[in-house]
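Working notes, beginning with the structure itself.
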Amino acid sequence: WDEKLVFELGAPGERGVLPPLPEPAVTAAVGDPAERLPAALRRATPPALPELGQQQVLRHYLRLSQENLGADLNVDVGQGTCTMKYSPKVNDTFVRDPRIAALHPAQDPSTVQGVLELVHRLEQLLKEVSGMDRVSLQPGAGSAAIWTNVSVIRAHHAARGELEQRDEIITTAFSHPSNAACAKTAGFRVITLHPDADGYPDIEALRAAVGPRTAALLITNPEDTGIYNPRIAEFVRIVHEAGGLCAYDQANANGILGITRAREAGFDLCHFNLHKTFSTPHACGGPAAGACGVTAELAPYLPRPTVEFDGERYVLDDDRPDSVGKIRPYLGVVPNLVRAYAWITALGAEGLREAAETAVLNNNYLLHRVRRIRGVSVPYAEGRPRVEQVRYSWQQLNEDTGLHSEDLGYRAADFGTHYWTSHHPYVVPEPMTLEPTESYSRADLDEYAAILAEVAREAYEDPETVRTAPHNSTVHRIRHEPLDDPAVWAVSWRAYRRKVLGERP
Amino acid sequence: WDEKLVFELGAPGERGVLPPLPEPAVTAAVGDPAERLPAALRRATPPALPELGQQQVLRHYLRLSQENLGADLNVDVGQGTCTMKYSPKVNDTFVRDPRIAALHPAQDPSTVQGVLELVHRLEQLLKEVSGMDRVSLQPGAGSAAIWTNVSVIRAHHAARGELEQRDEIITTAFSHPSNAACAKTAGFRVITLHPDADGYPDIEALRAAVGPRTAALLITNPEDTGIYNPRIAEFVRIVHEAGGLCAYDQANANGILGITRAREAGFDLCHFNLHKTFSTPHACGGPAAGACGVTAELAPYLPRPTVEFDGERYVLDDDRPDSVGKIRPYLGVVPNLVRAYAWITALGAEGLREAAETAVLNNNYLLHRVRRIRGVSVPYAEGRPRVEQVRYSWQQLNEDTGLHSEDLGYRAADFGTHYWTSHHPYVVPEPMTLEPTESYSRADLDEYAAILAEVAREAYEDPETVRTAPHNSTVHRIRHEPLDDPAVWAVSWRAYRRKVLGERP
Amino acid sequence: MSTRVPRTHPYIPNSAPQVRKAMLAEVGAQDVEEFYADIPAALRLDRPLRLPEPLGSEARLVAHMEELLSRNTAVPPGRSFLGAGCYRHHVPAVVDEIVNRSEFLTAYAGEPYEDHGRFQALWEYQSLMAELLAVDVVNVPTYDGFQAAATALRMAGRATGRRRLVLVGAIDPDRISRIRDYVRGVHELVLVPADPAAVRAALAEGDAAAVYAQLTDHDGRVDQELPQYIELAHQAGALAVAHVHPLSLGALTPPAELGADLTCGDLQPLGIHPSYGGGNAGFIGSADDERLVAEYPSRLFGLVPTDVPGEYGFGDVAYERTSFAVREEGKEWVGTAAALHGIAAGVYLTLMGPHGMREIGATILANTAYARQRLAEVPGVELADPRAVHFADFTVRYTGERTAAEIAEALLARGLHGGTPVGADEAGAREGRYCVTELHTRADIDRLADALEEIVK
Amino acid sequence: MSTRVPRTHPYIPNSAPQVRKAMLAEVGAQDVEEFYADIPAALRLDRPLRLPEPLGSEARLVAHMEELLSRNTAVPPGRSFLGAGCYRHHVPAVVDEIVNRSEFLTAYAGEPYEDHGRFQALWEYQSLMAELLAVDVVNVPTYDGFQAAATALRMAGRATGRRRLVLVGAIDPDRISRIRDYVRGVHELVLVPADPAAVRAALAEGDAAAVYAQLTDHDGRVDQELPQYIELAHQAGALAVAHVHPLSLGALTPPAELGADLTCGDLQPLGIHPSYGGGNAGFIGSADDERLVAEYPSRLFGLVPTDVPGEYGFGDVAYERTSFAVREEGKEWVGTAAALHGIAAGVYLTLMGPHGMREIGATILANTAYARQRLAEVPGVELADPRAVHFADFTVRYTGERTAAEIAEALLARGLHGGTPVGADEAGAREGRYCVTELHTRADIDRLADALEEIVK
């Protein structure tokens, strides 16, 4: 499709859907209430939205959907760090059911016992999976969960009167940037541990960093390199000894479900991304869901309300005076809680472990295939297995051909697959991160490796094809300069018409 | 996508979905009942179905769906005669509701009053739309409705003791082939009226054909040429005078809703295709639904059961001794009855008429555009308006370039649209039938006309491009010979492996 | 600001007044009336149709439909014991996802180029079904199992040139009604009990085109004599037409392996919702025998090469058979039927795979046996045929005071749906039909038995 | 035949034993344990997780979930009078069709090449929302309206370098909680009543970064003083941050046209199901002012040319703002939030168009006025603010014996959901919240009034 912008479609008078008009008797009774408002508050001209018939709207967005590569449609192992696993279709049916979709959060609890029980059960499941004492399901996604944990850490130190003193949070370079950014936003100074020669966070740097100002350590393990840090318990111990808390970013938990937990490593807090490890769909970037697990000591600070079971009924407990308060409206992203619950329930303990083991097998299998491709290398921890993902480097290929990892990614798109080049931190040169999860079959992995091999071969033998890619995508190479130029960037059609087309609306 | 056959995917042991196993207590109680059967009746080897994981199955079929051009995705005016109108998405939601989808037809009527009332109401609506006295909604589609009408005609003559004598059915060349074929299958001799010079069925031929052997006339109006036969009432009169019945094939009713009806023209029977005129989706070729309207005299012969209202409740009346019996299981294709009901209800009388008028406006607008394209002509009834569709001819272009209408259709596919070349009867040379319905916007029609103009231009200026089309489709020109060669045709993978690949399973 | 703008109907974009006006102007017409010039005044409806007022908004339409739907009861599968030709099996979510895709739901009759996906999906359906049935040819689905049976019999009639059709055993009377209507004037039906002797006797009269029998009959009974009927048919020069419940074929032998010439049945159990009887679709399968292939009225998709080596394309096998091609000279007639149900069944079979089909067959056999055993333990209830093996459906006889209708009503009062009275005289009937599937738990079946224990006196 | 084959989980294809074995062999590993070599024994969980037994089949999972769902009550819209931040509006079927498309639902963070559709749909969302809000910049949605408000205030804080945030009028206490948590240690909240004098007084103390006010407040009241607050803010060198109910903007003036610098709110009313509070998503809009654009933490998609003339491409505007790019040096933080809700809102706005938005605004104003009038006629019920104009939400005061909680309970007993008690002391509260939308008919509202007439004494 060469689909136009929606503003270029339609004709005056066309309608996509008709809303109800006021009933005549209602109008007879109350007239037009807007007339009782000052003119300044009554909208003078309707918003300049497009006007399209219903089928025309549908067709436009269906075509856009076909111009989008959902995980369902491809072997989506190239968005490494994102845990692109299969999101079972049956779980979607539960959340589309009106007995979830139509529920209002202010309904009397007697009319929503099913959803309250489900949330309560999911908390119990995640308590066991993490080993923590309470789990909040309120955060809207992983970064919001990190924020929640930072807020809990802040509340903890504030309650002990140490917040003024403990104003530093330590994190690692390979942890998600939201760890650093949430800490900073919450008012902490951020100290980042960089990887040592083997790619592990530098333990000596940690020893040097901790002290009376240490509020907490926010750390991921395995990190996005796929390497598991075997000294993780020691990291925790060092921080604890300095009086800090330790929060485990479990974005990469998929490979270690049932194998090792936050509890065993001594963490005070942890969080999961339900849209990664627990299979809820990624939805173009949310809605997602996060889960924060904490020890009993920190439980009073968790967001309110919690769901409690009083022996007969499930109730919402909003009377939590030490709580950090609301992290989002109501109870959380309920549809994704439903999906995560269904996923765990479908698998059980054995299935969760099988998922983890298979994800790791798939990862090492793909590693075995990919490392043989010309121009690729596997930095750090030579000879050690990887857990859930591998950060590769195309440094050699770059030196040989001048092409960048990004170019290879654009060319990979021509083969109908993803390859995500946005790999903070930019420490590994020419990075590529692959994370196959448990969802892909052996044939899928072979196919993906073959695509990479073909792209690498082209890079060496026919570099121009790669340099000018994509060739089969919906659009061609994008000009990036306007995106950083305030004079022409265009975040809306209004702005584009004014700034680029020179129209005066 | 270059999607493989499903049989080429997967690996032994993979599963797409797990069915429940017998509970241990059940097995303990009854063992394996199959063991009580003779060995010959127990399946020795499981069917050689493929083995795929769930996501792999999903991906395969999603990709196939993307290789299919649904009406929702294109300006689908090229499947003329098919009335490709918009099938509102909201109507799909009703039939997916468990209160339709999960209903069992043997449920007690007290538990299905909603669906019975809906079917009863739909009958009332279609009675008014057709003017007939009773309407059966049982037939599964248009051809089944034609069969039903033929069966009713047969029952009528049988009841009068005239069936032996009245063994001829008259139809017209531009009526759907099922009219002729159903009549033949039901044991009648078929007489086909050919078009006169203006494209109308030849009235003199009708006069010559009728007589004591005439059972019925099966006729469409407007026919697939889009021309309305103004002498239709005379046709009916001639047949009635000969003692025959007249059945109106209203496959092309979309342009005349609320304008003229079967009743006014004197018909004894008529049928609608709910998947055409009343918007139910075409579903790759069904499930669809047909509706047969008849006069009070013929009502006793309609399929059983009917839905009746006893003043308090809706009931199924299966005690209809003169009925032709069952045409399909149960009451009909209920989901499509629900959709058709919702569509009519959303539009009302005024909306139906607006749909008809707009469909006709669209058709004449498109005619106005298309007739100016080089190489196209509009056979028959020069200067007369067309109703719902137009059968065009590319005879001139064929004479000029040697290319066939079929070639143009394949090239039109490259522009992301349909163009259907299967236009029985093969009377108009190099035919093309366009039927825009009321669903398409003016911009849509302009775009379609522009595509045709471009293809015609190519045919004259760059015929090789057209001759070798399609170029942008999923597949390239298909070899047709094997389809008619019993030695190699392959209706299944089993047959293909045996006959073409030479495998011995 | 509060000026009313036209409420152009969202389904009819060009009814926007300005658009309509501009289009008329472009065509050079004053009014759409001009396009209706050929319709004589006498045939014109001189008043608006008398239909209810339209609802004016999608929201109101939804509310109206909700009101109608609220008067239907969607029964939980474990509380419904209704079967007899339409079944509540589990429909995997992936099946619904696929058949609800706009691309499949709204497509129709495009060429194999722009509609390659539909051709491939239906060809794969044919192929998957062929594995299940152990045949080489399966048609694009026809309307339903009734039509499949009727057409299979007429195919047999044309192939043999004979008149009599021998129908064996307990057959759904509605299906017989359909067959009777469809062969009227061409064939004669001979109904015989499920007994080889009866079949032999019927065949002895000669002129038999087909013996039609069922692997599992209308009462769910596995007919162990099926191999014999097939043999008898062949001895008499007739074709053997076998009707099957497709879900049984993971556990039971496909009749084609027993020599049946034509296999037919209804696809509904394979991933299609019951929809108050709207989910039926018919299949016919046979060997790749040119004589039989020539008799199919339906479309048969075939796999063929394209101009690009290694690429698969699809097309219509032996299209000249069809009424599409040659009108009344074709085999019976063909039209829009139930293609999407074929795609659904294909997805279902792919998901289930060989082991899933085997398992579900075994589970249903076991649940049926358990239900029969439990119900037979209820005082006043006995099995109609205690020694038979049943699949899904079965019938019990009540020996007490109450009629089948009374018992069904009492079950309904307890939220249990089942026990449909058997026989023409429903009022006085003493037999009731039940059905269990893979969805019934032991507890569900026990609940039914317990309820009957209370009800049946 | 009856040998059991492994029940490979459908979600984990490579757990099929033969496949797993072959893959291990290819990698040269004996066991998956080898891949866990780096996890010390002391950290290993030495037992299986203690979780309920898995359900073993999709059918049983569905049955289990059905059991849970059956204990939730989906209230017909006409029987629910609950609002206050989460609304039951009509969700057009086309919106659901689009957001449920596999391609959108399961995509994540691809490049603008293979994920062009997502970029375009979200850019169009930004553009459509920009028309509604009368601004030039709208972000890719953040989590919810709470976050949008909190971030808008911190944006104002950074843009002005000031500390105090003046929050005006009746604001959802939960939203204040979220704001308080989010600005803790950085900003000070000053809550003032909806009165220009109070705002003026608060601003007089200086150091104000923002005045935050609402076009319609937590009680649904249209705050007619909003233009004045905006003016006061600007006079004090503070930014004006306006919170809006987006559906009201077909009828009411967008605050940006009144001079508001930042507009924020929650998308949920625009075609997103309530889902027990799971349907929220936040928006922030502003002029295309470089100073403000630089303060957005969210992604902002921009329209750009490609190498092919005339072709549109999309990318991230000013990406170096974000924590994705520069970690703690970025503006706040950004991550996966609520993109699909943005697509939903975009489809909704496209379907509604200018006239649909105008009409729905008018209908809700009319229904709200009617409901207020009808309820005020009930003896013992009076309006909290009889002279105001309300949109959707409103509050009534009970003058009789019964508390708001008792009245809500009595309504619930009649199948009516509404009258949520207002205030911290819910047990003793005498005020109740109600809400009506375009989905309520006059009869629905009359039914509520009649019920209150019976209940309120």
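Proteins come first, then strands; the chains are lettered A, B, ... in the order of their sequence lines, and each starts at number 1. Being a predicted model, the structure only gives us computed values, none of them experimental.
The candidate with the highest count of non-hydrogen atom pairs below 4.5 Å against chain D, out of A/Arg479, A/Arg386, A/Arg261, is A/Arg479. Comparing D/Ala318, D/Gly335, D/Gly313 by how many heavy-atom pairs each has under 4.5 Å with chain A, the most go to D/Ala318. If you tally non-hydrogen atom pairs under 4.5 Å between each of D/Val94, D/Thr73, D/Leu55, D/Val32 and chain A, the highest count goes to D/Thr73. In terms of heavy-atom pairs under 4.5 angstrom with chain A, the leader among D/Leu122, D/Leu412, D/Ile343, D/Val19 is D/Leu412. Residue with the most contacts toward chain A among D/Arg88, D/Glu58, D/Glu26, D/Arg442: D/Glu26 (heavy-atom pairs, distance under 4.5 Å). Chosen from D/Gly278, D/Ala107, D/Ala84, the residue pairing most often with chain A at heavy-atom distances under 4.5 Å is D/Ala107. The greatest number of non-hydrogen atom pairs below 4.5 Å with chain D, out of A/His275, A/Arg96, A/Lys499, A/Gln113, is found for A/Arg96. The most heavy-atom pairs under 4.5 Å with chain D, out of A/Ser178, A/Ala346, A/Cys82, A/Cys284, come from A/Cys284. In terms of non-hydrogen atom pairs under 4.5 Å with chain A, the most contact-rich of D/Cys86, D/Pro52, D/Pro92 is D/Cys86. Between chain D and the residues A/Leu18, A/Ile256, A/Val360, the most heavy-atom pairs under 4.5 angstrom are made by A/Val360. Looking only at heavy-atom pairs under 4.5 Å with chain D, the residue among A/Gln54, A/His480, A/Gln107 that has the most is A/Gln107. Your options are A/Lys184, A/Glu438, A/Glu117, A/Arg154, and the one with the most heavy-atom pairs under 4.5 Å with chain D is A/Arg154.
A/His418 and D/Glu114 are linked by a side-chain donor-acceptor pair at a separation below 3.5 angstrom, with hydrogens and angles left out of the test. In summary, the side chains of D/Asn100 and A/Asp92 do not present any donor paired with an acceptor at a separation below 3.5 Å, with no hydrogens or angles considered. In the model, A/His476 has a side-chain atom that pairs as donor or acceptor with a side-chain atom of D/Glu311 under 3.5 Å. Using modelled atom types and a 3.5 Å distance limit, the side chains of A/Tyr61 and D/Thr350 yield a donor-acceptor pair.
For chain A, the nearby parts of D/Arg50 are the backbone and the side chain; heavy atoms of each come within less than 4.5 Å. For a residue to count as touching a neighbouring chain, one of its non-hydrogen atoms must lie under 4.5 Å from one of that chain's; by this rule A/Tyr86 touches chain D with the side chain only. Only the side chain of A/Tyr496 comes within contact range of chain D, judged by heavy atoms closer than 4.5 Å. The contact between A/Ser441 and chain D is made by backbone and side chain atoms together, counting heavy-atom distances below 4.5 Å. Both the backbone and the side chain of D/Leu132 come within less than 4.5 Å of a heavy atom in chain A. The parts of A/Leu361 that come within reach of chain D are both its backbone and its side chain, each placing non-hydrogen atoms under 4.5 angstrom from that chain. For A/Tyr440, the part sitting under 4.5 Å from any heavy atom of chain D is the backbone (N, CA, C, O) and nothing else. Residue D/Val293 touches chain A through its side chain alone, counting heavy-atom pairs closer than 4.5 Å. For D/Val138, the part lying near chain A is the backbone, with the side chain staying farther off; criterion is any non-hydrogen pair under 4.5 Å. Interface remark: A/Glu357 contributes backbone and side-chain atoms alike to the contact with chain D (heavy atom separation under 4.5 Å). A/His368 touches chain D through its side chain: at least one heavy atom from C-beta onward sits under 4.5 Å away, while N, CA, C and O do not. Of the atoms belonging to D/Leu69, heavy atoms from both backbone and side chain fall under 4.5 Å from chain A. The contact between A/Asp97 and chain D is made entirely by side chain atoms (from C-beta outward), counting heavy-atom distances below 4.5 Å. With a 4.5 Å cut-off on non-hydrogen atoms, D/Met357 touches chain A through its side chain but not through its backbone. D/Leu82 touches chain A through backbone and side chain together, each having a heavy atom under 4.5 Å away. D/Asp316 touches chain A through its backbone: at least one of N, CA, C or O sits under 4.5 Å from a heavy atom, while the side chain does not. Looking at D/Val27, both its backbone and its side chain come within 4.5 Å of chain A, counting heavy atoms on both sides. For D/Phe301, the part sitting under 4.5 Å from any heavy atom of chain A is the backbone (N, CA, C, O) and nothing else. With a threshold of 4.5 angstrom between heavy atoms, D/Leu439 does not approach chain A through any atom at all. For chain A, no part of D/Ala408 is nearby; none of its heavy atoms comes within less than 4.5 Å. Using a 4.5 Å cut-off between heavy atoms, D/Gln224 touches chain A through backbone and side chain atoms alike. Interface residue D/Val347: backbone and side-chain heavy atoms are both found under 4.5 Å from chain A. At a 4.5 Å heavy-atom cutoff, the contact between A/Pro470 and chain D is made by side-chain atoms alone.
In terms of heavy-atom proximity, D/His273 sits nearest to A/Ala101 at CB-O, 3.5 Å. Taking both residues in full, the closest heavy atoms of D/Glu332 and A/Ala181 are given as O-CB, 3.2 Å, listed atom of the first, atom of the second, then distance. Taking every heavy atom of both residues into account, A/Leu5 and D/Gln120 meet most closely at CA-NE2, 3.8 Å. Residues A/Ile478 and D/Pro112 approach most closely at CD1-CB, 3.5 Å, considering heavy atoms.
Residues D/Glu290 and A/Trp489 have side chains in contact (heavy-atom distance under 4.5 Å, counting atoms from C-beta outward). With a 4.5 Å cut-off on side-chain heavy atoms, A/Arg43 and D/Pro254 count as touching. At a threshold of 4.5 Å between non-hydrogen side-chain atoms, the residues A/Pro287 and D/His341 count as touching. Taking the side chain as every heavy atom from C-beta outward, D/Thr441 and A/Glu23 approach each other to under 4.5 Å. Counting heavy atoms from C-beta on, the side chains of A/Asp108 and D/His417 never come closer than 4.5 Å. Taking the side chain as every heavy atom from C-beta outward, D/Leu45 and A/Ile259 never approach each other to under 4.5 Å. With contacts defined as side-chain heavy-atom distances shorter than 4.5 Å, the pair A/Leu331/D/Tyr276 qualifies. With a 4.5 Å cut-off on side-chain heavy atoms, A/Tyr228 and D/Pro40 count as touching.
A salt bridge does not link A/Arg477 with D/Asp307: none of the charged nitrogens is closer than 4.0 Å to a carboxylate oxygen. A salt bridge links A/Arg498 with D/Asp288: the distance from a Lys NZ or Arg NE/NH1/NH2 to an Asp or Glu carboxylate oxygen falls below 4.0 Å.
Note: D/Trp333 and A/Trp147 have parallel aromatic rings, judged against thresholds of 30 and 60 degrees for the angle between ring planes.
More than 12 non-hydrogen atoms from other residues, nucleotides or ligands lie less than 6.0 angstrom from CD of A/Glu264.
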For this session: Decide yes or no on salt bridge (charged side-chain N to carboxylate O under 4.0 Å, His left out) for D/Asp181 and A/Lys326, but give the supporting numbers first.
Result: CA-CA 8 Å; D/Asp181 170 70; A/Lys326 296 296 295 181; over 6 Å; no
